[in-house]
Each structure stands twice: as C-alpha cells, then as structure tokens.
2 protein chains.
Amino acid sequence: METVTDNQKLKVAKKLKKMFGHIDLKTETYCPIRDVMALASDKWSILIMLYLGYFPVLRFNKLKKYVYGISNKVLSERLKMLESDGYLTRTMYPEVPIRVEYQLTNFGHSYLRKLLELTEWATSHGDTVIKNRKKFKTA
Amino acid sequence: METVTDNQKLKVAKKLKKMFGHIDLKTETYCPIRDVMALASDKWSILIMLYLGYFPVLRFNKLKKYVYGISNKVLSERLKMLESDGYLTRTMYPEVPIRVEYQLTNFGHSYLRKLLELTEWATSHGDTVIKNRKKFKTA
DNA sequence: AACTTAAGTATTAAAATGGAAACTGTTACT
DNA sequence: AGTAACAGTTTCCATTTTAATACTTAAGTT
C-alpha cells in the first residue's frame, strides 16, 4: 500500500510553492522543466546517463549495446546534446581505429544522483503501474 | 561549482549495481525505465503532475491554461494515460455543463515526491545548462 | 433564437522524430 | 585485393507528434 502522510504532502506543497510561487502562471516565462528536463529526462538520455554511471567510461558501440534498441543516429544525437548541456565529456583518441570515450562530468554525476531517486522508484513500483494499467483496461 | 565527492559517487555506483546487477545486460528483459518512466517522465506528464501537486484539484481547462502550449488532444491523452497508470483520478460530475475533476492519487503523490527532487535540481541548475550549451555552440 | 460554457473528440495539415541501412575514412590483417 | 574494426554521418522513408480549428451535448442566459 502507498503510505503518503499528510505531513509529506505538506512538504511537497511547500516545495512546489517555492518552485511555482514566483512564476506568473499566466505569462510564458522561461521554464527549466520544458527546456532542461525535456532533454535530460527523455527515455534514451536516462538510460545513457545510468549506464555511464554504472561503467565509468564507455565507447560508442558498447553504449549502443547496453542501450539496446537505440539507433546510431539517435545515440549520436543524444550524446551530442548531453555533451552540449554539460552532462558528459567526449574524448577522442586519434588512434587507428579511432577511439572515442564518453564519461560523466561532475555536473552529470550531480544530475544522476537525483535521477537515480526516480529510477529507483520506477523500478520498485513498476509492477504496481502494470497492475493499474491492466485493471484500467478491463474496467 | 559542482561538488561531487568520491563518497557520493560510490553510493551512486552501489545503487546502480543494485539496479543493474541482476539484469543480464545482453538480453532484453523487462525494463521499467523504458516502460514506466518513458510515460511518466515526459515533459507534459511532469508538468501535469507538478500542477496537480500544487493545486489539489484541477479541471481540464484550468490544467490546459497552466500547462500552456499543450493541445487538447495531447492533454486528454496524457491524462488518460496517467489515470490508467494510477497516478491520478478523473471524477466526472454529470452536471450541465459537465464538470470533470482531476487529482493525484496517493500513488501519484509518492511519485511526485521523487519527481520533485529532479525538477528542483533542474530549476536550480538550469542556468548552468544554458551556460554550457552556449559555450559548446561557440566552441 | 442565438449565445455561452465545459470537456473533450474529430479533422486536417504541417513538422518533428525515428529506424534501417548504406556510406566514410584510415589502418591492419589475410 | 578484400575484409574487418571503430565511430560515427548521411539518406530515405515511415511513423508520430503537434498545432489549429471545428464540432458535440445540453441546459441556462440574453
């Protein structure tokens, strides 16, 4: 069973007030959730970040193997964006064949710590979601 | 500056080991991140969840006003999915004109708590991301 | 009689995204 | 000469997503 106390709800409300309170809900001011999160909380980005947390250094093809299902195009796009936003570094060694290594920056690690909270929740509550989904479909 | 200690990295590694350790990285087993998170960490879903955390009860058009930019179609789709997965409830009052109210379930609240960790991070580090992005573009 | 409201559904067209597979470039091996 | 490895990029096509607008239902208001 879910146990969410009123106290916890209050804490959440307080945090949300802090987040939303100063934003004029009518005008379209800059919103980090639409901008920052939209990229970094996408399915592929999450998996890339997690694998780069698990293995300190990864090369393109290894990453592609772990994040199975991703295409070359999307992987290289996501890597470029994550690099651009400062979550990871791309180091190229001009050997032959060329070697390119990806690893998290400290900034990326700082994000990963928070991300992990969410994925842990998802991992441990995934079955509940599936159950809910099934119940909803038959209802 | 980012301050990520080795100790913190160790903790993250431990958590990741717990998450990934038992998964055969080669075969495609069920993955809650691809399934559960993909829906619930999407840009629109996040905003919907946050606003429903901020306002305990919201109706369709209010929600649409807050989550500006979302279309009727997408909003109603997302609401249906979030309801199906158990994050929120939809209550219909057969008045005229009809009234429909959305609110978070306890399950949804439990997710929101974790989500908030991430959005708080994004809110406070958004400017760093923008800075990184700019630097990368000009480099 | 026409207008308004609420919560969507339907429609259409435009835009973005996604996947599959071919291609690039260099070097080493067979 | 042909093939393989690496790390992508590029191209083409199909699907998905998005925006914008119109429509629905049914009672109450002007």
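Residue numbers begin at 1 in each chain, while the letters A, B, ... track the order of the sequences. Quick note: numbers below take in every heavy atom, side chains included, and nothing from hydrogens, waters or symmetry partners.
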Apply the ring-ring contact (aromatic ring centres under 6.0 Å, His included) test between B:Tyr66 and each candidate in B:Tyr54, B:Trp44, B:Tyr51; give the one that qualifies.
-> B:Tyr51
At under 4.0 Å between heavy atoms, what does B:Tyr93 touch on the DNA or RNA strands: base, sugar-phosphate, or nothing?
-> nothing
Sidechain N-carboxylate O distance under 4.0 Å for B:Lys131, A:Asp85 = no
Determine, for B:Lys43 against A:Asp42, whether the closest basic-nitrogen to carboxylate-oxygen distance falls under 4.0 angstrom.
-> no
Between [atom2] of [N] and [atom1] of [X], the distance in whole Å:
X       : N     : atom1 : atom2 : answer
A:Leu58 : D:dA7 : CG    : P     : 11 Å
B:Ile98 : C:dT4 : CD1   : C1'   : 16 Å
A:Lys62 : D:dG8 : NZ    : P     : 15 Å
B:Asn61 : C:dG8 : CG    : C1'   : 9 Å
A:Leu75 : D:dA7 : CG    : C1'   : 10 Å

Any B:Tyr102 side-chain nitrogen or oxygen under 4.0 Å from OP1 or OP2 of C:dG8 = yes
Counting just side-chain N and O atoms, does B:Arg99 come under 4.0 Å of either OP1 or OP2 of C:dA7?
-> no
What is the ring orientation for B:Phe107 with B:Tyr87, classed by angle as parallel under 30°, tilted 30 to 60°, or perpendicular over 60°?
-> parallel
For the residue pair A:Ile46 and B:Met37, what are the closest heavy atoms and their distance?
-> CD1-CE, 3.5 Å
Nucleotide by nucleotide, nucleotides 9-30 of chain D touches protein heavy atoms under 4.0 Å in the pattern (B base, S sugar-phosphate only, - none) B-B------BS------BS---
Tell me, please, whether B:Phe60 has B:Arg99 positioned over its six-membered ring: NZ or CZ under 6.0 Å from the ring centre and within 45 degrees of its axis?
-> no
